[in-house]
Amino acid sequence: MLNSYQLDEKLMPILRQMEKTGVKLDINFLEKLAQKIDLKLTELEETLYGLVGHKFNLNSPSQLAKVLYEELKISPEKCGIKKKKTHHSTSASSLIKIRSLHKSIDQILIYRELAKLKNTYVDPLPKLVDQTQRLHTTYAIDTTTGRLSSKNPNLQNIPASGKIAKSDFSWGSEIRKAFVAAKGYKLIVADYSQIELRIAAHFSTDINMTKTFQEGHDIHAATAKELGVDRRTAKVINFGILYGMSAYGVSETLKIPPEEAQVLIDRYFNSYTGLAHYIQNVIGEAHENGFVETLLNRRRYIPEINSPIERIRRFGERVAINTPMQGTAAEIIKLAMLELHPKLNKNAKMIMQIHDELVFEVKDSEIDDSLKKIKNAMENVIKLKVPVLVNLSVGDNWAETKEIKV
DNA sequence: TAGACTGGCGCC
DNA sequence: AAACGGCGCCAGTCTA
């Protein structure tokens, strides 16, 4: 059986091919979007200078901190806002805590969101296309877990949905509309469903979690029922588990007291005892061996795990929990890419990988055929103790695809 | 003026 | 004392 490093070797030519093919970008669309965002930003700037009483650099966290925490006399201590090295935090999660204390806060959140989109995506991306309007990233496999990374440009952090900040419009998802299929082609998006939690079930053989997946139920809904909470809360805990999150982390994310968060975590591990044992086991082995491994034996050394400094040691433990699952998920999709690539042709090309998702550009006449091939390869490339499921959708651009049952 | 650092934030 | 794993990119700020 192939090990993780051999897998990477075989993947290289496929990645180079994906880079070379690239993805078509609708420049006109982005230019129009840029104009709309500009108008909005100018409007927000004027509103904000008015509300605060003077001009300042809205893009400077330190200047904003001075305005909020000194001039406007908002007390960061009372509001539970953490201190950074140079000043108190003005991060979105901090600003949300003081939302009700001044009219400017919501406007700042919207300003930040729009400035981010414009500076990171809308303005730079069109400058990077070739003569055929296609964008070419560079993939690397030099991460600590075995995931790919993407740079120049990074195609793995293109906005996917709207945001929480109460703006009147979901600007974020607009960006993906600019990622289009060539004429006569469509994009197929294929993403693994809950792959890391399925891997958790596989590694831990947890009876409860395994049963949920085998019966084809929604894991977050099942967890919600188990804990007596709503689905959103259950989802946070399920994800938190994969990252080794503490009661503090859960409480911050859910905005509930740490004591309540601890109760939820206790209840969680009482429901998923197999998972609890697995996690204890991985941490134990990491302490003993100084490393953890993925399904295909990618090894990550974790010197932090035996640190005398608790903070460092805890970090090592979170890494020990997360790396096997994140790394195994990366291996599964890489295996699928390897399996799939020879089955494709010039009318059906794999063009992007976003960790648990593959995007293909496929000629209209070959969509049905490709859908079957893709689903089959991705779902059957590995046999776990729980089913591996892939969702497929098709569309003219990356934002507007329609789910297809195959 | 270039590079490093900081705070912040987009994605999975 | 910090508190959620893995990335890359941005503007502002500091420093050589």
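Note on naming: letters A, B, ... go to the chains in the order of the sequence lines (proteins, then strands), and numbering restarts at 1 for each one.
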Inset, instruction - For A:Tyr121 and A:Asn157, work out which heavy atoms get closest and say how close. - result: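 Taking every non-hydrogen atom into account, OH-O, 2.6 Å.
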
Inset, instruction - Respond yes when some side-chain nitrogen or oxygen of A:Asn152 is under 4.0 Å from OP1 or OP2 of C:dC9, and no when none is. - result: yes

Legend entry - Out of B:dG8, C:dG5, C:dG8, whichever nucleotide has its closest atom nearest the side chain of A:Lys151: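 Taking heavy atoms from C-beta onward, the closest nucleotide is C:dG8.
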
Legend entry - Those residues of residues 242-258 of chain A lying under 4.0 Å from DNA chain B by at least one heavy atom: none

Name every residue in [range] that has at least one heavy atom under 4.0 Å from any atom of DNA chain C, in order of residue number, or write none if there are no such residues.
{"range": "residues 216-238 of chain A", "result": "none"}
{"range": "residues 48-72 of chain A", "result": "A:Asn57, A:Asn59, A:Ser60, A:Ser62, A:Gln63"}
{"range": "residues 313-322 of chain A", "result": "A:Phe315, A:Arg318, A:Val319, A:Asn322"}

Inset, instruction - Rounded off to whole Å, could you give me the CD1-to-P distance for the A:Ile158 and B:dC9 pair? - result: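 Distance check: A:Ile158 CD1 to B:dC9 P gives 18 Å.
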
Name the pairs: protein N/O against N/O of nucleotides 1-5 of chain B, kept only if under 3.5 Å.
none

Inset, instruction - State whether A:Asp396 and A:Lys186 are salt-bridged, where the test is any N-O pair (Lys NZ or Arg NE/NH1/NH2 against Asp/Glu carboxylate O) under 4.0 Å. - result: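 A salt bridge is present here (some side-chain N lies under 4.0 Å from a carboxylate O).
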
Legend entry - Sequence-distant partners of A:Lys373, salt bridge (charged side-chain N to carboxylate O under 4.0 Å, His left out), two or more places apart: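 Counting only residues at least two positions away or on another chain, A:Lys373 forms a salt bridge (charged side-chain N to carboxylate O under 4.0 Å, His left out) with A:Asp369.
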
Inset, instruction - Please state whether the base of B:dG10 and the side chain of A:Asn157 form at least one donor-acceptor pair under 3.5 Å? - result: yes

Legend entry - No-H, no-angle donor-acceptor pair, A:Lys116 side chain to C:dC10 base, under 3.5 Å: no

Inset, instruction - Indicate, with a heavy-atom threshold strictly under 4.0 Å, whether A:Ser161 touches base, sugar-phosphate, or nothing. - result: sugar-phosphate

